[in-house]
Protein chains: 2
Amino acid sequence: MNLKETSLTLVNHADTYACAMPDEPRWLTDHERDAWLALAKLMFNLPSALDAQLLRDNHLTLFDYFVLSGLSMAPGRTMRLSDLASHLSCSLSRLSNVVKRLEQRGLLRRTPDPESPRYTVASLTDAGWDLVVAAAPGHVAAVRDYVIDGLTASQIDVLREVACHVTRKISEAPEASTR
Amino acid sequence: MNLKETSLTLVNHADTYACAMPDEPRWLTDHERDAWLALAKLMFNLPSALDAQLLRDNHLTLFDYFVLSGLSMAPGRTMRLSDLASHLSCSLSRLSNVVKRLEQRGLLRRTPDPESPRYTVASLTDAGWDLVVAAAPGHVAAVRDYVIDGLTASQIDVLREVACHVTRKISEAPEASTR
DNA sequence: AGCAGATTGTTCAAGCTTGAACCTGAAGGA
DNA sequence: TCCTTCAGGTTCAAGCTTGAACAATCTGCT
């Protein structure tokens with residue numbers, strides 16, 4: 001509502017804070033901070049906005065939808081759980097929980113991989129396929145409304161570049177530090 | 001790791017799906033879909049990446065940090081909970097829970113607003129201030145590493161435009177539908 | 001005054017996510 | 001063969017978020 005583009009974070013503590021880190025921290029410029037705060041707000045609010053539409057109309061979370069949609073595009077509508085997890089960049093634990101719930105709702109089936117008993121594959125059922133097909137138009141409309149429509153082609157281009165840059169940096173992160 | 005820029009969602013179901021929605025859905029073009037999938041991946045992974053850094057180094061979630069940082073920038077390091085909630089675009093319920101935990105850790109204090117007993121204000125304690133000051137450099141470094149560094153000034157500019165556009169669209173959303 | 005309704009904030013149950021522990025099956029040595 | 005290690009997958013406890021219900025305060029209307 002009346003929430004302005006206020007600063008969410010990153011006070012410049014340079015005055016009170018003097019040399020406790022190895023290198024002097026490089027604070028964000030105003031230009032950089034504005035972009036980061038806007039992105040932070042997007043990160044906080046867009047997932048719940050899309051969740052809300054899917055939950056209201058199809059009783060699915062956004063993550064549920066990605067799982068079903070991923071399967072719907074796989075050959076035979078079937079995928080190994082480990083492949084699906086890396087496809088979705090999520091933990092196997094999270095996927096296992098979600099898949100169990102979706103299976104209980106009859107939207108997919110889990111079976112041992114016939115090629116190697118060590119893997120488990122998930123297969124979309126007809127009910128699952130029908131649900132994805134029914135949910136897709138509303139979801140696309142929400143994505144268009146919140147994100148795509150109203151942007152120019154070049155803005156969309158830069159959005160892709162920037163988002164790919166961020167996800168690449170995250171996937172390259174050390175992942176192991178002093179602890 | 002070996003996660004490619006695979007398609008997370010939005011199969012074109014146009015073949016199997018024929019006229020069940022009021023208007024024919026406008027599917028995303030390849031160009032639009034690439035940008036959306038990249039943004040979706042960012043949305044899923046950036047919050048946990050920033051959480052991980054703050055949790056590891058300062059035992060704070062990103063949201064905790066925003067709460068403390070918001071207070072640190074307020075006059076008197078004090079704010080009404082309702083103002084803080086709209087500042088952070090979060091529910092009062094969520095803020096109430098987080099503030100309770102932060103108070104138990106001695107990082108802030110809750111007191112009735114002296115100007116009107118109807119409000120509650122949260123004030124950063126010295127320990128809370130010290131923690132924000134200690135956490136800020138590492139957090140800024142992570143934001144730089146994952147997002148800002150490596151982008152050109154004009155990419156940063158477009159990022160801000162796009163993110164502001166999305167958050168504006170979300171805040172303008174009807175919010176009330178058939179249910 | 002008095003009453004309806006909105007706003008502020010808390011609490012509780014239900015659901016989801018995370019990380020650790022665990023089990024199974026496969027691969028690699030010695 | 002035996003032992004170790006690792007990858008795939010599940011489960012459980014702990015923590016967080018959400019939404020509804022509630023109490024308290026304020027505002028506006030008559």
Closest nucleotide among C:dT11, D:dC26, C:dT18 to the A:Ser91 side chain | C:dT18

Assess whether salt bridge (Lys or Arg N to Asp or Glu O under 4.0 Å) is satisfied between A:Asp34 and B:Arg160, documenting all intermediate values.
-> CA-CA 7 Å; A:Asp34 290 349; B:Arg160 181 185 46 72; 5.1 Å; no

Within this structure, what is the CG-to-P distance between A:Leu55 and D:dA20, rounded to whole angstrom?
-> 12 Å

Is there a donor and acceptor pair, one atom on the side chain of B:Ser93 and one on the base of C:dT11, closer than 3.5 Å?
-> yes

What nucleotide, of C:dT18, D:dT10, D:dC26, holds the atom closest to the side chain of B:Pro117?
-> D:dC26

Would you kindly give the CZ-to-P distance between B:Arg110 and C:dG9, to the nearest whole Å?
-> 10 Å

Nearest to side-chain heavy atoms of A:Asn97, which nucleotide of D:dT17, D:dC12, C:dG9 = D:dC12

Which nucleotide in the set C:dC12, C:dA26, C:dG9 lies at the smallest distance from any side-chain heavy atom of A:Arg118?
-> C:dA26

Taking only N and O in the side chain of B:Lys100, is any of them less than 4.0 Å away from OP1 or OP2 of C:dG9?
-> no

Quickly work out the B:Arg80 CZ to C:dT7 C1' distance and round it to whole Å.
-> 12 Å

With side chains defined as the heavy atoms from C-beta onward, is the minimum distance between A:Tyr119 and A:Pro112 less than 4.5 Å?
-> no

Which of the following nucleotides, D:dT17, C:dG9, D:dT10, is nearest to the side chain of B:Arg94?
-> D:dT17

Please state whether the phosphate of D:dA14, meaning OP1 or OP2, lies under 4.0 angstrom from any side-chain nitrogen or oxygen of B:Arg101.
-> no

Please determine, for the side chain of A:Val98, which listed nucleotide (C:dT17, D:dG9, D:dT10) has the closest atom?
-> C:dT17

Heavy atoms under 4.0 Å, any strand shown: does B:Leu92 hit a base, just sugar-phosphate, or nothing?
-> base

Between A:Ser48 and D:dT18, does any side-chain N or O lie under 4.0 Å from OP1 or OP2?
-> no

